[in-house]
Student: 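One structure, as structure tokens, below. Some questions next.
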Amino acid sequence: MARILITSALPYINGIKHLGNLVGSQLPADAYARFMRQTGHEVMFICATDEHGTPAELAAAKTGEAVADYCARMHGVQAELARGFRLSFDHYGRSSSARNHTLTQHLAGKLADNGLIEEVSEKQVYSLADGRFLPDRYIEGTCPNCGYDRARGDQCENCTKQLDPTELLNPRSAISGSTDLEVRETKHLYLKQSAMRDRLGEWIDRQTDWPILTTSIAKKWLYDGDGLRDRGITRDLDWGVPVKRGDKDWPGMEGKVFYVWFDAPIEYIGATAEWADAHGLGDDAWQRWWRTDMGADDVRYVQFMGKDNVPFHTLSFPATIMGSGEPWKLVDYVKSFNYLNYDGGQFSTSQGRGIFMDQALDILPSDYWRWWLLSHAPENSDSEFTWDNFQASVNKDLADVLGNFVSRVTKFCRSKFGEVVPDGGEYDEAEAGVIAQITTRLKAYEDCMTAIELRKATTELRAIWVIGNEYLQAAQPWAIYKTDPAKAAAIVRFALNLIPLYAVLSQPFIPDAADTMLAAMNSDNRNWPTDLKVALSALPAGHEFSVPEVLFTKISDETRAEMEARFAGQN
RNA sequence: GGGCCUGUAGCUCAACUGGUUAGAGCAGAGCGCUCAUAACGCUUUGGUUGGGGGUUCGAGUCCCUCCGGGCCUACCA
């Protein structure tokens, strides 16, 4: 059995994430983690909130909280929503943790020791009214090219021309509107990624099985124009990891912090250390996942993220890891996703367009969302949420095909034999045929899960559910019962045994329903089946069960229409 | 501007390195069943694979071109 390290891109602390964010990293990572655990592998599934950077400071200022308080509160909110969606992290950490501080400073020190850090003096816009340096896109003004009066300092949204903030006419702070701006000299550390271009390029070239989306983005950044550029890894902010060279002060860098994109991926390691701390374990417990000299040699490391995060995970973070000269574990597989759109447009926080995690859970249980999102995951191209499609998928797949199967089997048994697995009769070719069919489908399902082809996996899983309905239709226990009750008993016994099997197989996608099914069947065997004939005789004659509540309630046309209107946003 | 992805039945998607009459699910039509959440099963109608040209014995798949959709383009994260 292998050891699998799984990380989901860190959700930014600034606000509740929408379903597009969820399906782009955390949710598929969870399905994969669940499958790997069930199939007997040792899994470490890590996520954390990404808490540094300008947006966090501004969001805190808006609510009047100290930024540390704001982050602590929002971490709690996001952690609760993660639980609501049944995301099975082994640890949900915080990039502001002491562990991350130490690791970030340590790695920066190593990079400096290896000559991969450069001090660069540059000019940046400072807002006196806001008391802070402004990132380019926090400066607004009139576009010198087209005259648009709300152009941002990095690019004009109207004419798409790339800008330098000093080119803007009548520049003002996007935060306060203040025009009291000045250009100041400030010194920053740069990670010399350019020095590692060849090494990174060779490494990327070896990843022939990665999604095209992943490698094409990496190569674009590696070779576009002058090639991979150096990147500033410090900022003039109060909130963040203070710049230090290991545990020593860094002369000239007083009052500065590391750039959020430098420390965020390091938190994958930090959160694993936090996990060890939380469980009272020593450093060796987390190092065996991350240090190839401490046992991480045989770890397979898989990352999940939306496509916007790919450059950081395929280039910047590996540059940090490799450049340290220390034996840290590099990622083995980068699974990236396109975007999920909402009903013809993008999800939009500002316009209140689309569905956010908290709202989703208020409307329906998490299984409904998990199933739809994962069966429509934007693996090959952007995909789109519509209420119509959501209603159709949920009602048909979950309520009709799976839910109704459980219902018809358990209720028929109760009416003829009571809530006990009936005795008598023999299995024949029909049952053998079902086993053969499921064996084939199960293999395909396992292959899809192993390859992290989640859409295809849901198709296979659904096909396995359908086999149950086909079997019942052909076997007709309700008709056989009239002439041969013993044979009917055998059919029902076999059909009842399909329920815990379906529960176990479905668990990566719909964990709550899986629990309900197992509880109803009075079973606690969650082991992945290796021999279906054995698995399908797990419930012996005489085993008691209870008819479960309706597993999935259908979404009515009225509800669908109501939701459509509610989430359409303003405009 | 540059780069990448994408366009397959009304809808959502398949189709390994080019290889027999392009497949599923949903929706539609017909039939069957009546255990079940008016659920299930069977059969079936839908495609000159965005348009055009080319390479090849053979193209959804490769090349060129045109049209449409999307993303990225490095100081948001």
Side-chain angles (χ1 to χ4, degrees), chain A residues 9-14 50-56 58 122 124-125 133-139 152-155 160-162 164-165 174 188 193 211-213 215-217 219-221 223-225 228-232 235 259-261 264 306-312 315-316 338-339 341 346 375-376 378-384 386 388-389 391-393 395-416 453 455-456 458-459 462-463 466 468-479 481 488 491-492 495 547 549-554:
Chain A
L10 309 187
Y12 195 65
I13 195 68
N14 174 21
D50 178 13
E51 306 191 357
H52 299 139
T54 307
L58 297 180
E122 55 194 13
Q124 286 194 345
V125 174
F133 282 95
L134 297 178
D136 288 358
R137 71 174 52 194
Y138 282 94
I139 303 161
R152 291 189 323 208
D154 57 340
Q155 183 172 34
T160 75
K161 182 178 171 60
Q162 304 220 14
D164 184 278
H188 281 297
Q193 299 185 140
I212 284 180
L213 184 64
T215 48
S216 64
I217 291 173
K219 286 179 181 172
K220 159 80 169 159
W221 281 56
Y223 304 119
D224 187 46
L228 187 61
R229 299 177 214 168
D230 297 340
R231 194 171 188 107
R235 291 290 183 275
Y259 174 44
V260 53
W261 258 117
K307 58 185 167 187
D308 50 335
N309 282 345
V310 168
F312 302 101
L315 302 169
S316 302
N338 287 281
Y339 292 143
N341 291 316
Q346 297 199 333
S375 62
H376 294 78
E379 288 177 308
N380 296 317
S381 61
D382 290 355
S383 64
E384 174 165 314
T386 65
D388 200 50
N389 191 304
Q391 178 196 29
S393 286
N395 287 358
K396 198 70 199 173
D397 299 347
L398 297 182
D400 292 346
V401 175
L402 177 62
N404 182 58
F405 172 76
V406 172
S407 193
R408 65 193 295 203
V409 173
T410 52
K411 285 183 180 171
F412 179 75
C413 183
R414 179 173 63 183
S415 72
K416 302 302 182 203
E453 302 249 19
R455 280 181 97 122
K456 288 182 184 172
T458 59
T459 301
R462 189 195 130 106
V466 167
N469 283 313
E470 290 171 347
Y471 168 69
L472 280 185
Q473 189 61 38
Q476 297 189 72
W478 50 87
Y481 181 77
I491 294 167
V492 169
V547 173
E549 297 294 312
V550 166
L551 279 181
F552 298 100
T553 308
K554 291 198 194 190

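Proteins come first, then strands; the chains are lettered A, B, ... in the order of their sequence lines, and each starts at number 1.
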Student: What stem regions, each of at least 3 consecutive Watson-Crick or G-U pairs below 3.5 Å, can be found for RNA chain B?
Tutor: B:1-7 with B:67-73, B:10-13 with B:23-26, B:28-32 with B:40-44, B:50-54 with B:62-66
Student: By the 4.0 Å heavy-atom rule, please label A:Pro477 as base, sugar-phosphate, or nothing.
Tutor: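 The residue A:Pro477 makes no contact with any strand.
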Student: Please work out if A:Glu122 contacts a base, only the sugar-phosphate, or nothing of the nucleic acid, heavy-atom cut-off 4.0 Å.
Tutor: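 Here A:Glu122 touches the bases of the nucleic acid.
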Student: Find which nucleotide of RNA chain B each of A:Asp224 and A:Ala479 is nearest to by heavy atoms, and output the residue with the more 5' nucleotide.
Tutor: A:Ala479
Student: Which is more 5' along RNA chain B, the nucleotide nearest A:Arg229 or the one nearest A:Val260? Just name the residue.
Tutor: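 Between the two, 5'-proximity favours A:Arg229.
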Student: Within the 4.0 Å limit for protein heavy atoms, which parts of nucleotides 37-45 of chain B are touched? Write it as a string from 5' to 3', B for base, S for sugar-phosphate only, - for none.
Tutor: B-SBSS---
Student: Between B:C35 and A:Phe412, is there a base-stacking contact, meaning the centre of the base's six-membered ring lies under 5.5 Å from the residue's ring centre while the planes stay under 30° apart?
Tutor: no
Student: Regarding A:Ser415, tell me which of base, sugar-phosphate or nothing describes its non-hydrogen contacts under 4.0 Å with the strands shown.
Tutor: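 Since no nucleic acid heavy atom lies under 4.0 Å of A:Ser415, the category is nothing.
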Student: Which part of the nucleic acid does A:Gln124 contact within heavy-atom distance under 4.0 Å: base, sugar-phosphate only, or nothing?
Tutor: base
Student: Collect all protein-nucleotide pairs involving nucleotides 4-10 of chain B in which both atoms are nitrogen or oxygen and the distance is under 3.5 Å.
Tutor:
unit_1: B:C4; atom_1: O2'; unit_2: A:Ser216; atom_2: OG; d: 3.3

Student: Base, sugar-phosphate, or nothing: which does A:Lys456 touch, judged by heavy atoms less than 4.0 Å apart?
Tutor: sugar-phosphate
Student: Give one of base, sugar-phosphate or nothing for A:Leu228, where a contact means two heavy atoms less than 4.0 Å apart.
Tutor: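 Since a base atom lies under 4.0 Å of A:Leu228, the category is base.
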Student: What does A:Thr410 touch in the nucleic acid at a heavy-atom separation under 4.0 angstrom: a base, only the sugar-phosphate, or nothing?
Tutor: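 If one applies the 4.0 Å heavy-atom cut-off, A:Thr410 turns out to touch nothing in the nucleic acid.
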